[in-house]
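These notes are about the structure you will find just below.
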Protein chains: 2
Amino acid sequence: MERQTRQRSAVLGALTGSGQTLTPQEICHLAQRGVPRLSLSTVYRQLKQLLEAGEVVPADLPGQPTRYEAVCELAHGRADHHHHHFHCDACDRVYPIHTCPGPMEDLVPRGFQVQRHDLTLHGRCAECASTGPA
Amino acid sequence: MERQTRQRSAVLGALTGSGQTLTPQEICHLAQRGVPRLSLSTVYRQLKQLLEAGEVVPADLPGQPTRYEAVCELAHGRADHHHHHFHCDACDRVYPIHTCPGPMEDLVPRGFQVQRHDLTLHGRCAECASTGPA
DNA sequence: CTACGTGCAAAAAGTTTGCAATCGC
DNA sequence: GCGATTGCAAACTTTTTGCACGTAG
């Protein structure tokens with residue numbers, strides 16, 4: 001069903017090309033390098049389709065606008081790869097964390113069923129930590 | 001500086017009274033039982049003051065509107081008590097988790113400095129798990 | 001009495017949708 | 001050519017702000 005439009009490849013290209021976890025705004029700016037008249041609505045619409053197609057996954061960090069990341073770049077080729085995020089408070093970039101502290105079932109009271117967990121680390125990335133160790 | 005207004009106690013009362021983690025909307029509805037003409041703006045303004053006063057802490061769950069919780073009820077009396085959250089996908093309630101999987105420094109690449117982490121568990125709470133085990 | 005707090009309405013920010021024009025297939 | 005996709009503008013949601021009135025101290 002999905003048509004191959006310039007906008008679609010520009011959106012996906014912005015994500016895979018950056019190898020990062022981006023907000024819709026950032027995606028729009030990046031993708032406009034290839035398609036100048038690209039609108040933010042189209043970015044949202046394409047993101048929705050790409051989500052359903054499993055080519056992109058959302059990364060909802062607490063207290064921030066939803067970001068998106070390309071599956072192929074960040075998930076090492078596995079569509080369902082479980083990973084977490086590191087948010088640099090200094091440069092506001094988001095890095096994938098491919099390790100996990102392990103099962104969480106023990107943390108909850110009796111009777112609770114844990115199906116999923118999100119972990120977000122905050123701090124300073126290597127670059128910002130070395131630049132200005134505030 | 002902070003004045004003791006009916007609105008202020010209604011907002012704080014809604015949080016402490018419920019013992020839950022609530023959205024500003026929920027707080028407003030609850031608090032309007034005592035102050036019917038309470039406006040949502042005032043809820044936000046009081047929440048901001050209560051945050052600064054350390055009587056309330058925000059709980060930003062990924063992909064959801066920000067919720068707030070009263071410190072005294074949920075943090076066992078310690079203003080800086082570190083805790084996490086369990087979100088029930090069925091009833092949409094949020095429960096505090098007072099345990100923690102432990103230090104997270106090992107998860108990040110060399111050079112990264114971890115200062116903080118947020119953990120959100122998702123699943124079904126005891127009540128919903130027993131009611132209808134979907 | 002005076003200044004902070006309140007309610008309302010409007011604004012800002014992020015996201016979704018309606019619609020006519022466009023473009024892939 | 002047909003129908004999905006696009007761009008624009010308007011709607012919607014969550015949160016913030018401007019302003020005149022109310023009220024605590």
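Proteins get letters first, then strands, A, B, ... in listed order; numbering begins at 1 in each.
For B:Arg45 and C:dG7, a side-chain-to-base donor-acceptor distance below 3.5 Å is present, hydrogens and geometry of angles not being considered. For B:Arg6 against C:dG7, no side-chain N or O and base N or O form a donor-acceptor pair under 3.5 Å. Side chain B:Arg3 to base C:dC4: a donor-acceptor pair is found below 3.5 Å.
Each of D:dT14, D:dT5, C:dG5 was ranked by its minimum atom distance to the side chain of A:Thr5; first place goes to D:dT5. Proximity note for B:Gln46 (side chain, C-beta onward) versus C:dG5, D:dT14, C:dT15: the nearest is C:dG5. In this structure, the nucleotide among D:dA9, C:dG7, D:dG7 sitting nearest to the side chain of B:Leu38 is C:dG7. Of the candidate nucleotides C:dT6, D:dT5, D:dG7, D:dG7 has the atom nearest to the side chain of A:Thr42. In the set D:dT17, C:dT6, D:dT14, D:dT17 carries the atom at the smallest distance from any side-chain atom of B:Ser41.
Between the CG atom of B:Leu61 and the C1' atom of D:dT14 there is a distance of 15 Å, given to the nearest Å. In this structure, the CD atom of B:Gln64 is 15 Å from the P atom of C:dT15, given to the nearest Å. The nearest whole Å value for the distance from the CD atom in B:Glu2 to the P atom in C:dC4 is 11 Å. Atom CG in B:Leu40 sits roughly 14 Å away from atom C1' in D:dT17 (whole-Å rounding). Following rounding to the nearest Å, B:Glu52 (CD) and C:dG5 (P) show an atom-to-atom distance of 11 Å. Across the protein-nucleic acid pair, B:Asp60 atom CG and D:dT14 atom C1' stand 12 Å apart, rounded to whole Å. Look at CD on A:Gln7: it is 11 Å from P on D:dC8, rounded to the nearest Å. One interatomic measurement links the two molecules: CG of A:Leu51 to P of C:dT15, which rounds to 12 Å at whole-angstrom precision.
Not one N or O on the side chain of B:Glu55 forms a donor-acceptor pair closer than 3.5 Å with the backbone of B:Leu50. Using a distance-only test at 3.5 Å, with no hydrogens or angles considered, a donor-acceptor pair links the side chain of B:His84 to the main chain of B:Leu119. Between the B:Thr99 side chain and the A:Leu107 main chain, a donor and an acceptor come within less than 3.5 Å of each other. A:Gln113 places no side-chain N or O within 3.5 Å of a backbone atom of B:Gly123 that could act as its donor or acceptor partner.
Residue A:Thr66 is in sugar-phosphate contact alone, with no base atom involved, counting any heavy-atom pair closer than 4.0 Å across all strands shown. Using a 4.0 Å heavy-atom cutoff across all strands shown, B:Gln49 reaches sugar-phosphate atoms only and no base atom.
A:Arg8 contributes atom CZ, which lies 12.5 Å from atom OG1 of A:Thr42 (distance to the nearest 0.5 angstrom).
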Would you tabulate the side-chain donor-acceptor contacts of residues 58-66 of chain B under 3.5 Å, counting partners in other chains and residues two or more places apart, or write 'none'?
{"unit_1": "B:Asp60", "atom_1": "OD1", "unit_2": "B:Thr66", "atom_2": "OG1", "d": "2.6"}
{"unit_1": "B:Gln64", "atom_1": "OE1", "unit_2": "B:Arg67", "atom_2": "NH2", "d": "3.0"}
{"unit_1": "B:Gln64", "atom_1": "NE2", "unit_2": "B:His87", "atom_2": "NE2", "d": "3.1"}

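In this structure, A:Arg37 reaches the D:dC8 phosphate: one of its side-chain N or O atoms is under 4.0 Å from OP1 or OP2. Close to D:dT16, at under 4.0 Å from its OP1 or OP2, lies no side-chain N or O of B:Tyr44. Taking 4.0 angstrom as the limit, A:Gln25 places none of its side-chain polar atoms (N or O) nearer than this to OP1 or OP2 of C:dT15.
Each of B:Gln4 and B:Lys48 was matched to the nucleotide of DNA chain D holding its nearest heavy atom; the match closer to the 5' end belongs to B:Lys48.
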